[in-house]
Amino acid sequence: MIIPRVGAIILLGGFGYAFVTYARLAYITGVEGYMSWAWVLLFLLPSGGLGIASSMWVLRREERGRRLVMPFAAVTVVSALLALAGAPPVGGFLDDYKAASHERGITVPPYERSKGLTKTEYIDAQAGDLKLTGSLTAIGAAALYAFMARRGPRRPKQAAARQPAARAAR
């Protein structure tokens with residue numbers, strides 16, 4: 001069926017976007033000498049690894065891809081909730097990102113400046129938005145993928161093998 005494969009493609013596209021966003025933040029913190037980006041990378045590896053493996057196997061129509069859907073969704077939701085709560089290592093990473101942004105001399109966009117936002121308020125708002133949207137998007141993507149990847153026939157090879165036997169019995 002096409003629905004599980006579309007779900008896998010959507011998930012892989014989401015991983016690509018998340019990787020680019022994370023790489024930008026990791027670069028800013030890493031250039032300024034902070035190492036918290038490495039701990040966040042280790043924190044995200046289980047959900048990323050499970051998601052990529054599952055989606056690749058779903059694209060290849062292998063049953064083990066579907067078996068990994070629920071573990072992926074569970075790990076992703078737990079990771080997203082921990083990130084939303086600001087638990088380590090995500091909380092420390094965002095603090096380092098804010099400090100690194102100050103050290104780099106961030107410029108507040110004109111629209112935000114016209115609203116009276118200072119550099120600190122702008123960076124705090126940016127980090128808070130990132131934490132909220134990243135966590136909620138991860139939960140939504142995991143739920144959508146779980147729904148889409150579990151659609152369709154369970155084991156296409158076994159279902160096809162049973163059909164001729166059922167027809168012969170008639």
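Note that these values count all heavy atoms, side chains included, but never hydrogens, waters or copies made by symmetry. In this chain, residues are counted from 1 in sequence order.
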Notebook entry, point to check: Honestly curious: do Val6 and Phe147 fall in one hydrophobic cluster under the side-chain, below-4.5 Å linking rule?
Noted result: yes
Next item on the list: Taking the side chain as every heavy atom from C-beta outward, state whether Met70 and Arg150 have any pair of such atoms under 4.5 Å apart.
Entry: yes
Checklist line | For the student: nearest non-hydrogen atoms of Ser135 and Ala80, plus distance | finding: OG-O, 3.2 Å
Note to self: Looking at Thr137 and Gly134, would you say the former's side chain and the latter's main chain have a donor-acceptor pair under 3.5 Å?
What the structure shows: no
Note to self: Can you confirm whether the side chains of Ser54 and Tyr145 place a donor and an acceptor under 3.5 Å from each other?
What the structure shows: yes
Check: Between Phe19 and Val75, is there a shared hydrophobic cluster once you connect ILVMFWY residues whose side-chain heavy atoms come closer than 4.5 Å?
Finding: no
Next item on the list: Would you name the heavy atoms of Ala146 and Val69 that are closest together and state the gap between them?
Entry: CA-CG1, 3.4 Å
Next item on the list: Kindly say whether Pro109 contributes a backbone atom to a donor-acceptor pair with the side chain of Tyr122 at under 3.5 angstrom?
Entry: no
Checklist line | Over all atoms of both residues, closest heavy-atom pair of Lys131 and Leu94 | finding: CB-CD1, 3.8 Å
Check: Taking side chain as C-beta onward, heavy atoms only, is Asp96 less than 4.5 Å from Met35?
Finding: no
Margin query: Is there a continuous path of hydrophobic side-chain contacts, each under 4.5 Å between heavy atoms, that joins Leu44 to Leu82?
Written below: yes
Next item on the list: Answer yes or no: is there a side-chain heavy-atom contact under 4.5 Å between Tyr97 and Gln126?
Entry: yes
Notebook entry, point to check: Among all residues two or more places apart in sequence or in another chain, which pass the side chain to side chain donor-acceptor pair (under 3.5 Å) test with Arg60?
Noted result: Glu62
Check: Distance from Ile10 atom CD1 to Leu144 atom CG, nearest 0.5 Å?
Finding: 5.5 Å
Check: Are the side chain of Ser55 and the backbone of Ile52 linked by a donor-acceptor contact shorter than 3.5 Å?
Finding: yes
Notebook entry, point to check: Got Trp37 and Tyr22 here, is their nearest side-chain heavy-atom distance under 4.5 Å?
Noted result: yes
Item checked: Partner set under salt bridge (Lys or Arg N to Asp or Glu O under 4.0 Å) for Glu103, not counting sequence neighbours -> none
Checklist line | Polar side-chain atom of Thr133 near backbone of Asp129 as donor-acceptor pair, under 3.5 Å | finding: yes
Next item on the list: Starting from the C-alpha separation in whole Å, work towards a yes-or-no answer on side-chain contact (heavy atoms from CB on, under 4.5 Å) for Val31 and Arg104.
Entry: CA-CA 9 Å; Val31 165; Arg104 291 178 65 85; 3.7 Å; yes
Next item on the list: Look up atom OG1 in Thr118 and atom CD in Glu112, then write down how far apart they are to the nearest 0.5 Å.
Entry: 11.0 Å
Next item on the list: Measure across Ala99 and Tyr34 and return the closest heavy-atom pair with its distance rounded to 0.1 Å.
Entry: CB-OH, 3.3 Å
Note to self: Just so I know, are the side chains of Leu84 and Val90 near enough to count as touching, which here means a heavy-atom distance under 4.5 Å?
What the structure shows: no
Next item on the list: Locate the shortest heavy-atom distance separating Ser47 from Thr76; write the atom from each residue and the value.
Entry: CB-OG1, 3.5 Å
Check: What pair of heavy atoms forms the shortest contact from Ala142 to Ala73, and how long is it?
Finding: CB-CA, 4.1 Å
Notebook entry, point to check: Do you reckon Tyr17 sits in the same ILVMFWY cluster as Met56, going by side-chain contacts under 4.5 Å, direct or chained?
Noted result: no
Margin query: Would the distance check show the side chain of Arg66 and the main-chain N or O of Arg151 forming a donor-acceptor pair, the cut-off being under 3.5 Å?
Written below: yes
Note to self: With a 4.5 Å cut-off on side-chain heavy-atom distances among I, L, V, M, F, W and Y, is there a chain of contacts connecting Val58 to Leu12?
What the structure shows: yes
Next item on the list: Would you give the length of the straight line joining atom CD1 of Ile2 to atom CE of Met148, rounded to the nearest 0.5 angstrom?
Entry: 9.0 Å
Checklist line | Beyond-backbone contact of Leu25 with Leu130, side-chain heavy atoms, under 4.5 angstrom | finding: yes
Checklist line | Side chains of Phe93 and Phe43 in contact at under 4.5 Å (non-hydrogen atoms) | finding: no
Next item on the list: Output yes when a side-chain donor or acceptor of Ser114 lies under 3.5 Å from a complementary backbone atom of Tyr111, and no otherwise.
Entry: yes
Notebook entry, point to check: Backbone N or O of Leu59 within a donor-acceptor pair of the Arg5 side chain at under 3.5 Å?
Noted result: yes
